[in-house]
Amino acid sequence: MLTMCCSMGSLVAFQFAKKLENEGVLSALPGLHYFFCMMMELGIYCWKASTLMHVSLNTGEAAYGADWMSESKHMGQSVQLIISRSQRPLTLKAYWGIVTMDLETIINVLRATYSYFTFLRQTNN
């Protein structure tokens, strides 16, 4: 999904620039709309994944703050398990676990898209 967004985003941006030069603004709007929709879709996934990661780090503190000391030994062991598991944040991954979905990912996608776009623009001129 990330590679597709980078490559399609740069191609759409390149086509947008070419149509803008040759035919005007109105002919280039569908490509620009597609690019923004694609980036919004990726942005929503990355934003929610980043929120999930931050919330998962607070789970241990919430479990510790509960009134578990007066409960059974089994309850204490369960809380210890929750606290130890919450030390490592939950992350959503793409591409078989290679890429972590977070806000840094969408920034990297936008940087790569712009780099590809400038490369295509320079090779075309």
Point to revise | Rounded distance (nearest 0.5 Å) linking atom CE of Met53 with atom OG1 of Thr91 | key: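 Going from the CE atom of Met53 to the OG1 atom of Thr91 covers 8.0 Å.
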Exercise for review: Can you measure from CE (Met40) to OH (Tyr45) and round to the nearest 0.5 angstrom?
Suggested key: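 One gets 12.5 Å once the value is rounded to the nearest 0.5 Å.
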I need the minimum non-hydrogen distance between [X] and [Y], along with the two atoms involved.
{"X": "Ser56", "Y": "Pro89", "answer": "OG-CA, 3.5 Å"}
{"X": "Cys46", "Y": "Met101", "answer": "SG-CE, 3.8 Å"}
{"X": "Leu57", "Y": "Gln87", "answer": "CD2-O, 4.2 Å"}
{"X": "Met39", "Y": "Ile106", "answer": "O-CD1, 3.6 Å"}

Exercise for review: Could you go through the side chain to side chain contact (heavy atoms under 4.5 Å, CB included) check for Leu90 and Arg85 one step at a time?
Suggested key: CA-CA 9 Å; Leu90 289 174; Arg85 173 59 186 98; 3.2 Å; yes
Practice item. Look at the side chain of Ser50 and the backbone N and O of Asp102, then say whether any donor-acceptor pair between them is shorter than 3.5 Å. Key: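 Absent.
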Review point. Does Ile83 offer a backbone N or O that forms a donor-acceptor pair with the side chain of Thr59 under 3.5 Å?
Key: no
Practice item. Check whether more than 12 heavy atoms from other residues, nucleotides or ligands sit under 6.0 Å from atom CD of Glu71, and answer yes or no. Key: yes
Review point. Does Met69 CE have over 12 foreign heavy atoms under 6.0 Å away?
Key: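 Check passes, neighbour count above 12.
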Check your understanding: Do Val109 and Leu42 have side chains that get closer than 4.5 Å, going by heavy atoms?
Key ->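 Touching, per the 4.5 Å side-chain cut-off.
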Review point. side-chain contact (heavy atoms from CB on, under 4.5 Å) with Ile107: which residues, sequence neighbours excluded?
Key: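 By the side-chain contact (heavy atoms from CB on, under 4.5 Å) rule, Ile107 matches Arg111.
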For residues 74-82, please give each side-chain donor-acceptor pair under 3.5 Å, one per line with the distance, not counting sequence neighbours.
residue : atom : partner : partner atom : Å
Ser78   : OG   : His74   : O            : 3.0

